[in-house]
Participant: 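Have a look at this one.
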Amino acid sequence: MKRRHHGNGEGSVYPRSDGRWGATVRLANGRRHTVYAKTRLEAKRRLRELIDQREAGILVGNARQKTADYLERWLEEIARPSVRGSTYIGYRRHIHRVLPRIGHLRLLELSPAHIQSTYRELLAEGLSATTVRHIHAVLHRAFKQAVLWGLLLRNPTDAVSRPRTARFEIKTLSADEVRQFLDANREDRLYALWLLMATTGLRRGEAIAVGWADLDQATSRLSIHRALRRHPHAGLVFEEPKTRHSRRTIQLSALAVAAIANHRRRQLEERLAAGPYWQDCGLIFSSTEGTPLDPHNVYVAFQRALQRTKSPRMRLHDLRHTAATLMLGRGVHPKLVQDMLGHSTISLTMDTYSHVTPPMQGEVASQMDELLG
């Protein structure tokens, strides 16, 4: 059967001897690009997709392009518009770790063996299994797009084994340790920040991005709708929260409300001291001149705060884990903890804090004895 042309250079669909259908378009460089489908209807759909991609400037080469060229294009045209800036930076970092090993290969030559060997070499060089698993996730997403575009018949990462990772042990403080930490840092200018994070489980970027306009003093509720992060090229940038569930409103404890009120008085004194150098960004937690806090400087300040109580070194993010562990340990319903933390699912909350489950089960057993015994 002859090819069915769609006119005006819009490509063609045709049956193949193996029972499949082909869909072909001519690219700007004069080459033809062909993809295959099981039915004529599917081939026509794929043809329309190819034409749309060609007109959008996405489909400009062919499957003989180098893997490095494809991955760079995927980063800029697919990844960058669809993820947060910090996520894009992570994607680019992971891609650039593998390009010296597979970037020179043509896309059609890339095999699961090449990728598996790359993972083995990265692990031998000291990269953690967790990082290699992240690299695998990015490559899988990138090559899945290549399959959708018809540049590859199958995703080479599907046949690659990811390295196993040891379960991450969460570091948390007990209630007594939190009290000791806060008591030792009452004069710290970021005392209210430490207390807020320890009682609400806010992420660092969320906590340093909240403004006075986000605080409803009448109801003691705080709206979380953005995060502050440092980007390598753009500097400090306010971004959308991590997920849509991260956009939330949380109820503050009386301790947090009192600490923030004291912090506001301190900030007013700093504003008077700064005079004309004060830059009013409307942030609850700012520098002594009113500008946003650098996330790294906040981390350094937290390490100094830990040293005042001789507490073990831990990440600032562990205050989030501490808050969640304390809430669950006190019997707060996991759904409420999920909402407070901004987790996307309750299963994420329970999987992350499964170490709290045994004591909770013991409490349930005791209550059943009391109810029915």
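As the structure is a prediction and not an experimental result, all values here were calculated from the model. Excluded from the calculations below are hydrogen atoms, water molecules and symmetry mates; all remaining heavy atoms, backbone and side chain alike, are included.
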Participant: Answer yes if Leu319 and Val300 sit in the same cluster of Ile, Leu, Val, Met, Phe, Trp and Tyr residues linked by side chain heavy atoms under 4.5 Å apart, and no otherwise.
Facilitator: no

Participant: We want to know whether His114 and Ser111 form a side-chain donor-acceptor pair, criterion being a heavy-atom distance below 3.5 angstrom.
Facilitator: yes

Participant: Less than 4.0 Å between a side-chain N and a carboxylate O, is that true for Asp188 and Arg304?
Facilitator: no

Participant: I'd like to know if Arg247 pairs up with Glu240 as an ion pair, taking the criterion as any Lys NZ or Arg NE/NH1/NH2 lying under 4.0 Å from an Asp or Glu carboxylate oxygen.
Facilitator: yes

Participant: Assess the residue pair Gln303 and Tyr299 against the criterion (side-chain contact (heavy atoms from CB on, under 4.5 Å)); give the C-alpha distance rounded to whole Å, side-chain angles, the decisive distance to 0.1 Å, and a yes or no.
Facilitator: CA-CA 6 Å; Gln303 296 306 315; Tyr299 167 79; 3.2 Å; yes

Participant: Would you please indicate yes or no on a ring centroid separation below 6.0 angstrom for Tyr36 and Tyr14?
Facilitator: no

Participant: Does the pair Phe143 and Leu107 meet the rule for a side-chain contact (heavy atoms from CB on, under 4.5 Å), with working shown?
Facilitator: CA-CA 10 Å; Phe143 293 133; Leu107 198 55; 4.0 Å; yes

Participant: Which heavy-atom pair separates His263 from Ile284 by the least distance, and what is that distance?
Facilitator: NE2-O, 2.7 Å

Participant: I want to check a possible cation-pi pair here: Arg16 against Trp21, using under 6.0 Å from ring centre and within 45° of the ring axis as the test.
Facilitator: no

Participant: Taking the six-membered ring where the residue is Trp, are the ring centres of Tyr119 and His136 under 6.0 Å apart?
Facilitator: yes

Participant: As an exercise, state the distance from CG of Leu41 to CZ of Arg46, rounded to the nearest 0.5 Å.
Facilitator: 13.0 Å

Participant: If you measure only the distance, is there a donor-acceptor pair under 3.5 Å linking the side chains of Gln267 and Ser286?
Facilitator: yes

